[in-house]
Amino acid sequence: MLDQIVFYLLAYLLASAGAFAVLRRVTEESGTSDLKAFAGLYHRAPWSAWALLLFFLSLAGIPLTMGFFGKWYLLVGAAWGGHGLLATLIVVTSVMSYAYYFAVLKQAFLRPGSTERPIRFRGAEVAVVLIAAAGVLLGGLLPGEVLRTIAQAFDAAHFFGLYDGRL
């Protein structure tokens, strides 16, 4: 179960880091954190709009993303472990988050925006977005491999005396 929790935390870390890199750059470039700052993002910085879509889909737990499998592992573990309330909270909070994610995505893809000032990302921001996007996709397409790698890391840590097998 611990490896499944780490899988979820890794999924959340990657999606959050990538999303916050895009959100930060857009709000900094536009000078506002209002929702309207994201209007027409697809036209100003198409790759960042697509990356933001990927990150929000993962955070929302939509299939084929690492976030989906992370939430699935937690949901199944909670349900099988007799924690029905926790399983219910996972589902309810996921659905509640859709309103925010999809409001931003609606602005980014469906609202017109100024194309005269494209968003310019710095090197470190590009690296964060690319690494996070690759991780979210890899974890969504090959969740078993990622989970197996996490389990092997715990086994290695236990072998070397770095982890005693207790939480």
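As a basis for the values below, the full set of heavy atoms in this structure was taken, side chains included, without hydrogen atoms, waters or symmetry mates.
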* Which ILVMFWY residues are connected to Val128, directly or by a chain of links, through side-chain heavy atoms under 4.5 Å apart? -> none
To the nearest 0.5 angstrom, please state how far the [atom1] atom of [X] sits from the [atom2] atom of [Y].
X: Ile150; Y: Tyr8; atom1: CD1; atom2: OH; value: 13.5 Å
X: Arg25; Y: Ile119; atom1: CZ; atom2: CD1; value: 8.0 Å
X: Ser58; Y: Leu64; atom1: OG; atom2: CG; value: 11.0 Å
X: Leu105; Y: Leu52; atom1: CG; atom2: CG; value: 5.5 Å
X: Leu75; Y: Leu89; atom1: CG; atom2: CG; value: 11.0 Å
X: Phe109; Y: Trp50; atom1: CZ; atom2: CH2; value: 5.0 Å

Can you establish whether the number of heavy atoms outside [X] located under 6.0 Å from its atom [atom1] is more than 12?
X: Tyr12; atom1: OH; result: no
X: Tyr42; atom1: OH; result: no
X: Leu23; atom1: CG; result: yes
X: Trp72; atom1: CH2; result: no

* To do: Please name the residue in the list Ser94, Ser97, Ser16 that meets the side chain to side chain contact (heavy atoms under 4.5 Å, CB included) test with Leu59.
  =>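 The single option meeting the side chain to side chain contact (heavy atoms under 4.5 Å, CB included) with Leu59 is Ser16.
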* Check against side-chain contact (heavy atoms from CB on, under 4.5 Å), Tyr73 and Leu147 -> CA-CA 10 Å; Tyr73 293 147; Leu147 193 59; 3.8 Å; yes
* To do: Sequence neighbours left out, what passes salt bridge (Lys or Arg N to Asp or Glu O under 4.0 Å) with Arg148? Give chain and number order.
  =>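 Glu145.
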* To do: Taking the side chain as every heavy atom from C-beta outward, state whether Leu10 and Phe7 have any atom pair closer than 4.5 Å.
  =>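 No, side chains not in contact.
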* Stepwise salt bridge (charged side-chain N to carboxylate O under 4.0 Å, His left out) check, Arg122 with Glu28 -> CA-CA 12 Å; Arg122 297 186 178 121; Glu28 195 171 286; 3.5 Å; yes
* To do: Looking only at non-hydrogen atoms, find the nearest pair between Gly140 and Phe69 and report the distance.
  => O-CE1, 3.1 Å
* Trp80 with Ile5, same ILVMFWY side-chain cluster at under 4.5 Å -> yes
* Asked: Considering residues at least two apart in sequence or located in another chain, which fulfil the ring-ring contact (aromatic ring centres under 6.0 Å, His included) criterion with Phe55?
  -> none
* **Ionic contact status for Glu29 with Arg44, cut-off 4.0 Å** => no
